[in-house]
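All values below come from the heavy atoms of this structure, side chains included, with hydrogens, waters and symmetry mates left out. Fair warning: this is a prediction, and the values are worked out from it, not measured in the lab. Residue numbering restarts at 1 for every chain, and letters A, B, ... go by the order of the sequence lines.
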Number of protein chains: 2
Amino acid sequence: MTQELDQTEARDLAEAWLDEPLAPAARRLLIGAVEAFAARGYHATATRDIAASAGLSPAGVYVHFATKEELLYQISLIGHRGTVRVVRAAAASAGHDDPAATLRAVIAAITAWHARYHTTARVINYELSSLTERHRAAIATLRREIDSLVRQTLEDGAASGVFDVPDVRGTTLALLSLTIDVARWFRATGARAPDELGAFYGELALRMAGHRGSSA
Amino acid sequence: MTQELDQTEARDLAEAWLDEPLAPAARRLLIGAVEAFAARGYHATATRDIAASAGLSPAGVYVHFATKEELLYQISLIGHRGTVRVVRAAAASAGHDDPAATLRAVIAAITAWHARYHTTARVINYELSSLTERHRAAIATLRREIDSLVRQTLEDGAASGVFDVPDVRGTTLALLSLTIDVARWFRATGARAPDELGAFYGELALRMAGHRGSSA
DNA sequence: GTCTATAACCCGATAGAC
DNA sequence: GTCTATCGGGTTATAGAC
């Protein structure tokens with residue numbers, strides 16, 4: 001009984017990216033789908049298997065989602081909203097006139113999110129091409145907000161002289177690149193916890209931005 | 001006539017990663033496969049379409065490759081061998097007792113390769129899970145060589161005091177992460193040419209390694 | 001070495017009972 | 001809201017003629 005509760009709590013924690021109010025079956029379907037899409041890829045996953053992982057018959061999926069792609073879109077939407085939320089929170093907590101603190105906090109937050117929810121992060125970053133054009137465009141809007149915030153932070157720091165950034169566009173891309181690729185290689189069994197990796201990458205970001213005192 | 005020759009030359013240049021001696025049809029199949037796998041993914045690509053892109057019937061594929069996975073494996077093998085070759089060449093040209101020059105040259109070479117052959121790079125980095133276990137193990141050996149060379153360079157530089165690297169393992173991972181993710185976002189129509197991007201990432205690598213004079 | 005034809009199977013999605 | 005049954009189509013790979 002206690003064992004049972006512990007397992008439920010553990011799963012809730014592991015799937016905390018899924019914080020939307022949902023019918024229980026729809027929630028189980030999304031969790032099964034994200035795990036299957038991450039492990040084998042969207043196209044290699046059969047809707048039958050997703051249904052089975054949620055304890056439903058093959059037809060049970062279509063009561064809750066019109067198509068298989070709709071399942072992927074909901075995962076992408078919820079995942080990206082979650083990322084945007086932690087990025088905004090990190091920027092707010094760092095204050096508005098300290099580019100170095102902001103850059104460190106934002107990169108740490110994105111990195112930790114990608115590590116903690118690496119299964120979800122893998123799906124939302126590497127299955128964008130499996131979305132319909134309309135859905136991909138909706139997701140692109142959310143991704144642009146994150147990109148803009150990092151770029152603006154680099155520009156602020158460069159303007160005030162605390163950063164040395166020869167190419168703001170290229171450095172923004174490199175910083176986000178670093179955080180996104182965490183989804184590819186991160187495993188929960190690895191050496192670093194998500195928050196530790198976030199702190200490390202926050203420092204790396206300051207070095208990449210040419211922050212004074214961030215290099216030997 | 002001249003136009004025709006130019007197009008052939010342009011394609012040869014674009015597909016220079018494929019430098020193995022091969023029957024013409026096998027070569028066309030590999031090029032068609034890499035383009036399709038990169039654009040739509042391995043599982044979303046039908047062998048019929050690969051055959052058609054090489055001007056063959058659906059059965060024509062199986063004269064040259066036993067399975068669809070064998071096609072992916074050959075692409076992975078040739079691509080990884082090419083990467084290892086440019087990495088070795090970069091390390092050799094930088095000399096053996098200058099960790100900063102070596103790191104810059106190696107990261108620049110991997111980055112430029114991933115940008116120049118971004119289509120191939122996408123396939124060989126993001127379709128590893130579609131390989132059989134045996135084939136994936138063979139590719140892992142090649143990947144380890146690249147990882148070891150970067151890690152050793154960081155250790156050499158840290159030991160001699162030209163680098164400031166608090167976590168060699170983590171920094172190695174971050175550096176390779178940066179170069180691999182190029183395959184995800186790079187487009188030939190973008191702002192930077194492969195060699196320019198390589199030079200930029202070589203400098204970023206020195207900053208990340210805490211190289212003196214690489215930060216403001 | 002390439003073709004046509006097809007085997008054997010798996011897929012996403014729907015119909016209609018309960 | 002979930003089931004069983006199935007439609008219509010697509011998949012990899014093979015058989016056998018040329």
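When distances run from any side-chain atom of Ala59(B) to the nucleotides dT2(D), dT4(D), dT4(C), the shortest one goes to dT4(C). Side-chain atoms of Thr47(B) lie closest to dT12(D) of the nucleotides dT12(D), dT2(C), dA15(D). The side chain of Ser57(A) sits closest to dC3(D) out of dG1(C), dT2(D), dC3(D). Of the candidates dA13(C), dT4(C), dT2(D), dA13(C) carries the atom nearest the Tyr62(A) side chain, counting heavy atoms from C-beta on. Considering only side-chain atoms of Leu56(B), the nucleotide from dA13(D), dG12(C), dC3(C) that sits closest is dC3(C). Nearest nucleotide to the side chain of Ala46(A), out of dC11(C), dA15(C), dT14(D): dC11(C).
Along DNA chain C, the nucleotide closest to Ala44(A) and the one closest to Gly60(B) are compared, and the more 5′ of them pairs with Gly60(B).
Looking only at atom types and distance, the side chain of Glu70(B) has no donor-acceptor partner in the side chain of Thr67(B) under 3.5 Å away. Remark: the Thr120(B) side chain and the Trp17(B) side chain contain an N/O donor-acceptor pair separated by less than 3.5 Å. For the residue pair Arg187(B) and His118(B), no side-chain donor N or O sits within less than 3.5 Å of a side-chain acceptor on the partner. At a cut-off of 3.5 Å, with distance as the only test, no side-chain donor of Asp181(B) or His114(B) sits close to an acceptor on the other residue.
Taking atom CG of Leu29(A) as the reference point, atom P of dG12(C) lies 13 Å away to the nearest angstrom. Rounded to a whole Å, the CZ atom of Phe65(B) is 18 Å from the C1' atom of dT14(D). Rounding to whole angstrom units, CD of residue Glu69(A) and C1' of dC11(C) are separated by 17 Å. For the pair Lys68(A) NZ and dT14(C) C1', the interatomic distance rounds to 17 Å; values are reported in whole Å. Atom CD in Glu70(B) sits roughly 13 Å away from atom P in dT14(D) (whole-Å rounding). dC10(C) atom P lies 15 Å from atom CZ of Arg40(A), rounded to whole Å. Nucleotide dT2(C) holds its C1' atom 11 Å from the CZ atom of Arg28(B), rounded to whole Å.
Put simply, His43(B) has no side-chain N or O that comes within less than 4.0 Å of OP1 or OP2 on dC11(C).
Residues Thr141(B) and Glu145(B) form no side-chain contact, since every pair of their non-hydrogen atoms from C-beta on lies 4.5 Å or further apart.
At a cut-off of 3.5 angstrom, the base of dG10(D) holds no donor-acceptor pair with the side chain of Arg48(B).
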